[in-house]
Amino acid sequence: PRLLVLLLLAWEGAWGAVRDEARETAAVRALAVRLLGPGPAAAFELSVERTLAAGPGADVFELSAEGVCAAPSGVAVAARAAQTTCGTFCGCHLSLPRPLPPVPGQLRITETLPTLRYRYYQNVCTHSYSFVWWDWPRWEREIDWMALNGINLALAWSGQEAIWQRVYLALGLTQAEIDEHFTGPAFLAWGRMGNLHGWGGPLPRTWHLKQLSLQHQILDRMRALGMTPVLPAFAGHVPKAIGRVFPQVNITQLGSWGHFNCSYSCSFLLAPEDPLFPLIGGIFLRELIREFGTNHIYGADTFNEMQPPSSDPAYLAAATEAVFKAMVAVDSDAVWLLQGWLFQHQPEFWGPAQVGAVLGAVPQGRLLVLDLFAESQPVYTRTASFRGQPFIWCMLHNFGGNHGLFGALEAVNRGPTAARLFPNSTMVGTGITPEGIGQNEVVYALMAELGWRKDPVPDLLAWVSRFAERRYGVAQPDAEAAWRLLLRSVYNCSGEACRGHNHSPLVRRPSLQMNTAVWYNRSDVFEAWRLLLKASPKLTTSPTFRYDLLDVTRQALQELVSLYYEEVRAAYLHQELAGLLRAGGVLAYQLLPALDEVLASDHHFLLGSWLAQARAAAASETEARLYEQNSRYQLTLWGPEGNILDYANKQLAGLVAHYYAPRWQLFIESLADSLARAAPFQQHQFDKDVFLLEQAFVLSSRRYRSQPQGDTVDLARKVFLRF
Ligand SMILES: *[C@@H]1O[C@H](CO)[C@@H](O)[C@H](O)[C@H]1NC(C)=O
Ligand SMILES: *[C@@H]1O[C@H](CO)[C@@H](O)[C@H](O)[C@H]1NC(C)=O
Ligand SMILES: *[C@@H]1O[C@H](CO)[C@@H](O)[C@H](O)[C@H]1NC(C)=O
Ligand SMILES: *[C@@H]1O[C@H](CO)[C@@H](O)[C@H](O)[C@H]1NC(C)=O
Ligand SMILES: *[C@@H]1O[C@H](CO)[C@@H](O)[C@H](O)[C@H]1NC(C)=O
């Protein structure tokens with residue numbers, strides 16, 4: 001009988017593997033049909049074959065002369081097929097040439113570097129800044145993009161509040177207490193990391209229901225393509241009301257976060273030795289796995305931008321161990337994925353003893369650390385490769401989903417190889433961890449490519465020219481020259497300036513002390529703008545070209561705002577009223593309206609689309625108003641009093657006209673008034689006055705168009721000639 005059982009198990013295992021192969025093959029073929037349409041997709045024969053797996057990070061890809069693309073997972077098939085057919089043979093980006101060129105004979109790529117094992121994607125914040133209002137069709141496109149770029153490890157964090165809601169009710173909290181705890185949808189990322197509670201809430205019941213079903217769809221698709229979804233786990237933060245239900249509980253109130261006072265921040269942390277710790281952690285994880293299944297990797301961030309109550313290594317080790325123990329008690333194979341942001345965000349707190357305490361509290365190999373901002377502030381270099389724990393070299397690149405051309409492509413290009421070659425490196429992959437997406441695609445294209453490369457791209461100038469060619473589907477010398485100028489200027493940031501935040505005066509509350517310095521020569525942007533306009537007759541039918549022309553026009557106008565602002569300030573300081581009104585008039589009454597008009601010509605840049613997405617996620621008018629206000633707050637004041645003012649700034653049609661422009665107009669008026677009355681400009685008075693405008697924008701229910709209007713190329717040309 002034992003032999004029979006073994007045979008049955010072996011048969012079950014073999015049959016299961018065949019079933020998985022078939023499921024992933026079907027998923028990747030369906031992706032090809034979505035992307036190309038059924039006709040062109042039939043030109044490929046995509047096939048998942050587990051026998052091609054040769055150990056961790058060791059993928060074999062085969063392309064036969066008959067057009068069979070085979071690799072060991074759905075993700076690998078999708079990404080390799082895209083790389084070889086699009087990258088190598090036909091030079092396409094978003095559309096394939098028809099008919100497809102013939103497959104040039106047999107091809108076999110073998111990759112055996114363990115440092116290429118994982119290609120990770122997402123930051124906890126991306127869920128709030130970019131994904132918050134997404135429905136399934138939008139998620140589906142994102143997961144397609146992930147597969148095509150070979151992402152095999154990603155957060156799947158939707159719907160977790162629905163599980164917490166069940167857990168809290170089971171523990172005896174009232175709905176009112178839970179409502180005080182959860183933030184609104186646009187701020188959930190910070191609720192999840194214990195930075196905030198209650199702000200922008202409460203979460204409606206319908207939110208939970210929708211997110212639950214969305215999470216099932218996301219997980220099914222990620223798994224079908226062979227990706228590993230990372231689920232959340234308990235990090236130790238609890239609602240205040242836990243103290244009412246369990247009067248004996250040992251909870252510590254942490255300090256405030258992000259200029260919020262304790263009404264919305266100062267969360268409660270459960271003591272690691274409290275018996276409730278494994279209880280709550282265990283109930284949550286069990287319920288989560290019951291609902292969603294598991295792939296055994298869990299994310300949790302206890303001290304993300306939160307000062308721990310003690311710097312004693314013994315405390316930090318206990319707090320860390322408690323999180324891990326609660327995981328393994330439920331899933332003995334659990335691996336903990338930790339955002340390493342805390343170590344670089346508060347380096348003065350996290351000395352060697354403190355970092356060592358956290359990294360040493362989890363068995364070697366069971367803590368997978370994301371070196372979250374490695375292109376700028378790598379942590380592996382000063383922690384001896386995270387003391388032997390495996391880590392993923394991540395490019396963060398973007399804060400708050402800001403628009404603004406920016407990249408440190410040279411540093412990004414060199415970074416992963418340097419990390420791999422670091423003495424005794426424990427790097428196991430690369431990652432893409434922006435706070436917000438939907439900007440600077442070139443940076444993400446390079447990083448995605450580096451996820452497959454052993455060495456840096458040898459010649460970035462050649463690479464970016466090729467990028468332009470693929471992006472527009474045709475080699476166009478002026479467009480390529482424009483891209484080379486952008487590469488050496490906005491995309492070649494190095495050193496201190498490279499924090500990735502857009503500090504342009506355009507998107508900041510005006511004052512006389514604004515910094516207009518940039519790390520590049522502005523003339524390069526203006527020249528790139530001219531070259532793209534010169535290229536436009538040849539590329540006018542390419543949607544990616546039109547998008548880029550708009551984005552570079554937007555950037556050029558942002559530069560002009562800085563230059564006119566400098567004139568305004570100089571005129572004010574020299575008490576030249578006429579000069580002040582002239583430069584201020586151009587800035588506030590010409591440049592900003594022109595920018596708004598250009599932005600309005602592309603659906604990517606419409607406030608109306610953002611707000612419509614938020615409203616579409618609601619199930620009633622009351623919810624729609626709450627979600628719209630969440631969205632407006634996040635883009636502008638962030639908190640009730642401008643607590644993190646303009647952090648998530650964007651340049652959207654509607655936002656420029658009704659938020660940025662009015663405050664610039666008020667600023668120019670206030671300066672002119674000060675000169676006319678010969679009374680000093682009072683910044684604090686201006687801040688009070690302008691806050692009322694900012695708040696009025698957030699509370700307004702004005703509707704904005706969610707369809708583009710006007711022709712981008714015509715409008716860009718008009719603006720160019722005018723300014
Ligand atoms: C936080 O600030 C708000 C607004 O200023 C105020 O109403 C509230 O009382 C403050 N809460 C605490 C706990 O200080
Ligand atoms: C509560 O927890 C803290 C942190 O772990 C610990 O230092 C303290 O002794 C605990 N207090 C009690 C009363 O157990
Ligand atoms: C790498 O590891 C070896 C073996 O543990 C050790 O002898 C060596 O000092 C390490 N090198 C560095 C630079 O840490
Ligand atoms: C980027 O800047 C560095 C100097 O900071 C320079 O050495 C390098 O050549 C530049 N790269 C490009 C593509 O212009
Ligand atoms: C910026 O570029 C322009 C045009 O190429 C050039 O004339 C100017 O000298 C450059 N400025 C600096 C500071 O390098």
Side-chain angles (χ1 to χ4, degrees), residues 180-181 183 187 190 195-201 239-241 243 252-268 375-376 395 397 405-415 417-418 440 442-443 445-447 449-450 455-468 478 480-500 516-532 534 552 555-556 559-560 562-563 566 633 637-645 684 687-688 691-692 694-695 698-699 720:
E180 277 177 26
H181 179 66
T183 66
F187 302 97
W190 301 278
N195 310 120
L196 286 182
H197 57 85
W199 167 237
K240 183 180 182 185
T252 309
Q253 186 163 27
L254 299 174
S256 65
W257 175 84
H259 310 290
F260 276 85
N261 68 16
C262 290
S263 292
Y264 293 122
S265 73
C266 314
S267 60
F268 289 88
E375 81 276 27
S376 172
M395 176 194 81
H397 176 256
L405 301 184
F406 163 77
L409 289 189
E410 294 270 14
V412 167
N413 190 30
R414 283 189 308 267
T417 305
N440 295 298
V442 65
V443 179
L446 177 67
M447 191 59 227
E449 183 171 331
L450 293 172
D455 297 312
V457 168
D459 178 355
L460 278 181
L461 279 168
W463 181 88
V464 86
S465 305
R466 178 96 175 114
F467 172 81
D478 293 316
E480 289 174 23
W483 271 101
R484 285 191 295 269
L485 283 175
L486 294 175
L487 172 65
R488 79 169 189 197
S489 56
V490 288
Y491 289 120
N492 193 20
C493 193
S494 62
E496 269 312 291
C498 303
R499 304 290 301 188
T516 54
V518 289
W519 63 90
Y520 49 87
N521 185 340
R522 288 197 166 97
S523 301
D524 286 342
V525 174
F526 296 134
E527 179 62 8
W529 190 21
R530 191 187 67 81
L531 285 166
L532 287 182
K534 187 155 170 257
V552 172
Q555 186 72 22
E559 309 298 352
L560 287 171
S562 290
L563 300 178
E566 284 171 4
Y633 266 117
L637 297 176
W638 218 106
E641 277 134 350
N643 310 52
I644 316 183
L645 184 65
H684 66 93
D687 289 346
K688 277 190 197 153
F691 175 72
L692 298 177
E694 293 161 347
Q695 197 179 40
V698 171
L699 302 179
F720 179 83

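In listed order, ligands and their atoms are each counted from 1.
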With a 4.0 Å cut-off on heavy atoms, is L487 touching ligand 4?
yes

What atoms of ligand 1 come within less than 4.0 Å of a heavy atom belonging to S263?
1 (C), 8 (C), 10 (C), 11 (N), 12 (C), 13 (C)

Close-contact set for ligand 1 against N261 heavy atoms, below 4.0 Å
1 (C), 2 (O), 3 (C), 8 (C), 10 (C), 11 (N), 12 (C), 14 (O)

Parallel, tilted or perpendicular for F526 and W529, by the 30°/60° rule?
tilted

Kindly assign one of parallel, tilted or perpendicular to the pair W190 and F187, based on the angle between their ring planes and the thresholds 30° and 60°.
tilted

Proximal ligand 4 atoms for R488, defined as those under 4.0 Å from one of its heavy atoms
14 (O)

Could you list the atoms of ligand 4 found under 4.0 angstrom from a heavy atom of S494?
5 (O)

Neighbour list for ligand 5 [protein residues, heavy atom under 4.0 Å]
N521, S523

By ring pair (Phe, Tyr, Trp, His ring centres under 6.0 Å) - contacts of H197 (at least two apart):
none

Mind checking salt bridge (Lys or Arg N to Asp or Glu O under 4.0 Å) for R522 and listing every partner two or more places apart, or none if nothing turns up?
E559

Within-4.5 Å side-chain heavy-atom neighbours: N643 and L637:
no

Considering only heavy atoms from C-beta outward, does the side chain of N440 approach that of L405 to under 4.5 Å?
yes

Just grab all the salt bridge (charged side-chain N to carboxylate O under 4.0 Å, His left out) pairs involving residues 252-268, residues at least two apart or on different chains.
none

Decide yes or no on side chain to side chain contact (heavy atoms under 4.5 Å, CB included) for L254 and C266, but give the supporting numbers first.
CA-CA 5 Å; L254 299 174; C266 314; 5.9 Å; no

